[in-house]
2 protein chains.
Amino acid sequence: MPNNHFKRGELYSVINGMASTAVARRLQKNFRQAGLEITIEQWSVLYHLWKEDCLSQQELCNRTFRDKPSITRLIDNLEKQSLVKRMPSKTDRRINLVCLTEPAKNLQQLTIDLANQTMSEALVGVKKEDIDIVKDVFQRVYDNLT
Amino acid sequence: MPNNHFKRGELYSVINGMASTAVARRLQKNFRQAGLEITIEQWSVLYHLWKEDCLSQQELCNRTFRDKPSITRLIDNLEKQSLVKRMPSKTDRRINLVCLTEPAKNLQQLTIDLANQTMSEALVGVKKEDIDIVKDVFQRVYDNLT
DNA sequence: GGCATATAGTTAGTTATGCAACTAAATCAA
DNA sequence: TTGATTTAGTTGCATAACTAACTATATGCC
């Protein structure tokens, strides 16, 4: 079964690098062209806070699929840019609640528009049903491995 | 159309982080458990060299979807571990040909088996047709953006 | 031949990621 | 209540990513 190898390996390449880095690069470029200084990783944190503000760092780990040190440092950088603020939880002193600042709230519409525009460019010629299949496959892969 | 936003955004999350990092982490873990010191990024370079040895760095950029500085440093680290060697091209003095060493050749079977095993774990319950759709969508996304 | 341009690769600086080891606070059990 | 365990978050270290600026060689046009 030597042929099987390379098919699997190529799928691995597909999943790992190719399309996702292309999308990330394009979105980053679109942010920069709009004069925004944030990275897509920082944006992905803000994105979840726009949906629900003042999440704990652990909850941001779960929602962004990142580990705790990554979130610690992303929050560090977002705090340097005054886009979020760590607020100690009143009920559990281990917890930092990460809350949006006013400037961050103002970024929501513009950056989500840019993300939509980027995804639209990326998905030209892709059928809606196929998008749903991709989502399902990725969810399944994630569940299988965690 | 406020609802459209979040659907697109979520697809972006899916493409960007969730499944691919889960697969990468698992494969890295499987490498480590087998006593292999290489990263998956290094492996992805070796993978293309096993298919065709002595590629230029630029050609490795194209095949791995990485930029030139990334490849420069991956090759630096692979060279430190004596897994590849830079050989000056005889016909074009700008070009480094990146060639496998004997130890690297011996890693091929084991690491590809581990990659296959990892992909099999990841793809439990995923239909073959859906895998093909994922590949097609990612190729299309990549082509749309480059 | 000589100059402009394109191509291959490197270097520097910043951000991000993974892992392991750590601190501090909360919880659970004897 | 004390002591073990779990949970939230941070820090240190190594690798990797992108951008921009750089060197060196090759090519193409006059």
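Letters go in sequence order (proteins before strands), and every chain restarts at 1. What you see is a predicted model; the values in this text were computed from it and never measured.
Look at A:Asp130 and A:Lys135 and you find no salt bridge, because none of the NZ, NE, NH1 or NH2 atoms lies under 4.0 Å from a carboxylate O. Taking a cutoff of 4.0 Å between a charged side-chain nitrogen and a carboxylate oxygen, B:Arg25 and A:Asp67 do not qualify as a salt bridge. By the 4.0 Å N-to-carboxylate-O rule, B:Asp132 lies close enough to B:Lys128 to be salt-bridged with it. The pair B:Glu37-B:Arg32 does not count as a salt bridge, with every side-chain nitrogen at least 4.0 angstrom from each carboxylate oxygen. Salt-bridge formation is not detected for the pair B:Glu79/B:Lys85: no Lys NZ or Arg NE/NH1/NH2 atom is positioned less than 4.0 Å from an Asp or Glu carboxylate oxygen.
Among the atoms of the strands shown, base atoms are found under 4.0 Å from some heavy atom of B:Thr72. Counting non-hydrogen atoms under 4.0 angstrom, A:Ile71 reaches nothing in the nucleic acid. Among the protein residues, B:Asn77 comes within range of the sugar-phosphate backbone only, with heavy atoms under 4.0 Å from sugar or phosphate atoms but none that close to a base. At a threshold of 4.0 angstrom between heavy atoms, the contacts of A:Gln28 with the nucleic acid are absent.
Residues A:Glu59 and A:Asn62 form a side-chain contact, since some pair of their non-hydrogen atoms from C-beta on lies under 4.5 Å apart.
Cluster membership for B:Leu100 and B:Met87, using ILVMFWY side-chain heavy atoms within less than 4.5 angstrom, is not shared.
The CD-C1' distance, from A:Gln42 to C:dT15, rounds to 8 Å in whole Å. In this structure, A:Glu37 places its CD atom 12 Å from P of C:dA16, rounding to the nearest Å. If you take NZ of A:Lys68 and P of C:dA25, they are 15 Å apart, rounded to a whole angstrom. Rounded to whole Å, atom P of C:dT7 lies 12 Å from atom CG of B:Asn62. For the pair A:Gln57 CD and C:dA24 C1', the interatomic distance rounds to 14 Å; values are reported in whole Å. C:dC19 atom C1' lies 14 Å from atom CD of B:Gln33, rounded to whole Å. Protein atom CG of B:Asp76 is 18 Å distant from nucleotide atom P of C:dA8, rounded to whole Å. Taking atom CD1 of residue A:Ile40 and atom C1' of nucleotide C:dT14, one finds them 15 Å apart after rounding to whole Å.
For DNA chain D, the span of nucleotides reached by chain B at under 4.0 Å from its heavy atoms goes, 5' to 3', from D:dT15 to D:dA26.
Side-chain atoms of A:Ser56 do not come within 3.5 Å of backbone N or O of A:Ile95 as any donor-acceptor pair. For the pair B:Arg140 (side chain) and A:Val126 (backbone), a donor-acceptor distance under 3.5 Å is absent. At distances below 3.5 Å, not a single donor-acceptor pair connects side-chain atoms of B:Gln139 with backbone N or O atoms of B:Asp136. Listed for the B:Arg86 side chain is no donor-acceptor partner under 3.5 Å among the backbone atoms of B:Val98.
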Check nucleotides 20-22 of chain C for protein N or O atoms closer than 3.5 Å to its own N or O atoms and list the pairs.
none

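Between C:dT17 and A:Arg66, a contact under 4.0 Å exists linking OP1 or OP2 to a side-chain N or O. The side chain of B:Arg86 contributes no N or O atom lying less than 4.0 Å from OP1 or OP2 of C:dA8.
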### Message
Using the rule given for ring pair (Phe, Tyr, Trp, His ring centres under 6.0 Å), can you reason through A:Phe138 versus B:Phe138, listing the C-alpha separation, both sets of side-chain angles and the distance that settles it, and then say yes or no?
### Response
CA-CA 12 Å; A:Phe138 273 58; B:Phe138 273 57; 5.5 Å; yes

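Remark: B:Arg94, B:Ile95, B:Asn96 in residues 87-105 of chain B come within less than 4.0 Å of DNA chain C through at least one heavy atom.
Looking at which nucleotide of DNA chain C each of B:Arg25 and A:Lys80 is closest to, the 5′-most match is held by A:Lys80.
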